[in-house]
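Naming: A, B, ... by sequence-line order, numbering from 1 per chain.
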Amino acid sequence: MRTLIHQVLQREEPLDEVQVAGWVRTRRDSKTFSFLELNDGSCMQNIQIIADSDLDSYGDVEKLSTGASAEITGKLVPSQGKNQKWELLATEVRLLGACPDDYPLQKKGHSREFLRSIAHLRPRTNLFSAVFRVRSRLAYAVHQFFQERGFIYVHTPIITGSDCEGAGEMFRVTTLDPHAMKPQKDENDFFGTPTYLTVSGQLEGETFACALSNIYTFGPTFRAENSNTSRHASEFWMIEPEMAFCDLQADMQLAEDMVQYLIKDTLTHCEADLKFFNQFVDKGLLERLQHVIDNEFKRLPYTEAVEALINSKQKFEYPVEYGLNLQSEHERYLTEVHFKTPVTVCDYPKEIKPFYMRRNDDDKTVAAMDLLVPGIGELVGGSQREERIDVLEGNMAQHDLSMEDYGWYHDLRKYGSVPHAGFGLGFERLIMFVTGVSNIRDVIAFPRTPGSAGF
RNA sequence: UCCUGCAUAGCUCAGCGGUAGAGCGGGUGGCUGUUAACCACUAGGUCGUAGGUUCGAAUCCUACUGCAGGAGCCA
């Protein structure tokens, strides 16, 4: 019976017999024995194995090159060496899969670009195994956060007929012949109507919030935008809570609580991995994360954000002026330089926000909010939704949205309308923030970006 | 989509008009309770592709392709 290396290395007492299995990181031969470093991905550390040349199975040891897989049984004893507490004195070594010398992963560092080209092997590196352990823990913590607060997990559709206006270009889902010379009618398509991969589950999520009160979605979303940046991917995961009987203040509070909760959870449960990131990826990471959980987030209206930017006398490439969207450089200045802490900006001019956001009493702004964090920029975008049927109808007319397409959304206001609010949080951006990894392609197992969908 | 930069050995890079280099990795041998082990030897390249300038191009010019960083869009 095999034991995970993670569990073996946590032992307080020696063991007469234990079996581990994994992939060889390196082998160092001595005259009468070999040192093996074995890793099984259960934790950052390798287990050091001493394989004596007297072993019946020493023939297998000599075939254990970097990358080979093996199953090793032995005695766990305190190590004579300096760099590890325990080592395994092998009694039996069994080669499972040999690894030819064209194995692309070396003991030395590789560039991220090269590792992306071997995305099927990169989880075997320290960096990527750590990223994906943290990703797994964060996903678990997301569910824990919402479940502890009585939120219901709703699975909104991946294939959708609605286009969640304003959220970006969509991928068409169709069974029509792409090589057909003649135009084909949508009625002949699989669903009898044009369908797409979802860009957001928000509108569907609202229908469930207006029945189950507090809900959240957590799943893949798709954008066909031709975005070529380190923060955008064509397929990414999004967390979208939606709360009935809720205003923007409570919405912002939930977003801020959630970010702090998730960071605390990761600091507690992924300590070794975060230390690794702090040492090799981003030297200021632990300090920054600690700062985020120890301090309240700065909260201010868009109008004050614009004033702060103008008063800063900072030179920006793009102009700062009431009524214009905040650019990346503005957002990053606010969170990285001006306040040096996560910042939630709210109450944006209605002209620059989508139709479903709730009009404020000033008739100029809407109850929208963006949560900005250092190094990433926008992590969360959310709003209180327009629950007044007449105002929503006006907005729909202004945006040329038909009752045919949005009738069901309009119905939520027609039948027992309630104030409600929610937000979307990009899961990969959260992982980037927590790990310090600066490219979204390195926190997704097999990233999809324009012109690239390998594996 | 725009702007900028890069493309040389399996990997990371140097060379920047005059006979293609290093480190790591691989192979062989040695040494050692080692730990990104160490020492010696060795194999390995149409210098991204296609044109052009030149006596001569990895090196200069043009186009294309790919990649990266930034911008826009957003999460």
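- A close approach under 4.0 Å does not occur between any side-chain nitrogen or oxygen of A/Arg231 and OP1 or OP2 of B/C73.
- Between B/A37 and A/Arg28, a contact under 4.0 Å exists linking OP1 or OP2 to a side-chain N or O.
- A/Gln327 comes within 4.0 angstrom of the backbone, heavy atoms only, and of no base.
- In this structure, A/Ser230 does not reach the B/G69 phosphate: none of its side-chain N or O atoms is under 4.0 Å from OP1 or OP2.
- Phosphate proximity of B/A68 to A/Arg441: present, with a side-chain N or O under 4.0 Å from OP1 or OP2.
- Using N1 to N3 plus N6-O4 or O6-N4 for Watson-Crick, or N1-O2 and O6-N3 for G-U wobble, each under 3.5 Å, B/C47 pairs with nothing.
- When heavy atoms are screened at a 4.0 angstrom cut-off, A/His232 is found touching base atoms of the nucleic acid.
- B/A40 and B/U28 make up a base pair, with Watson-Crick or G-U wobble contacts both under 3.5 Å.
- Stacking of the aromatic ring of A/Phe236 onto the base of B/A75 is found: the ring centres lie under 5.5 Å apart and the planes are inclined by under 30°.
- Between A/Gln106 and B/A36 there is no side-chain polar atom (N or O) within less than 4.0 angstrom of OP1 or OP2.
- At B/G33, none of the side-chain N or O atoms of A/Asn83 fall inside 4.0 Å of OP1 or OP2 (strictly under the cut-off).
- The partner of B/C67 is B/G5, by the rule that a Watson-Crick or G-U pair needs both atom distances under 3.5 Å.
- For B/A68, one of the phosphate oxygens OP1 or OP2 lies less than 4.0 angstrom from a side-chain nitrogen or oxygen of A/Arg116.
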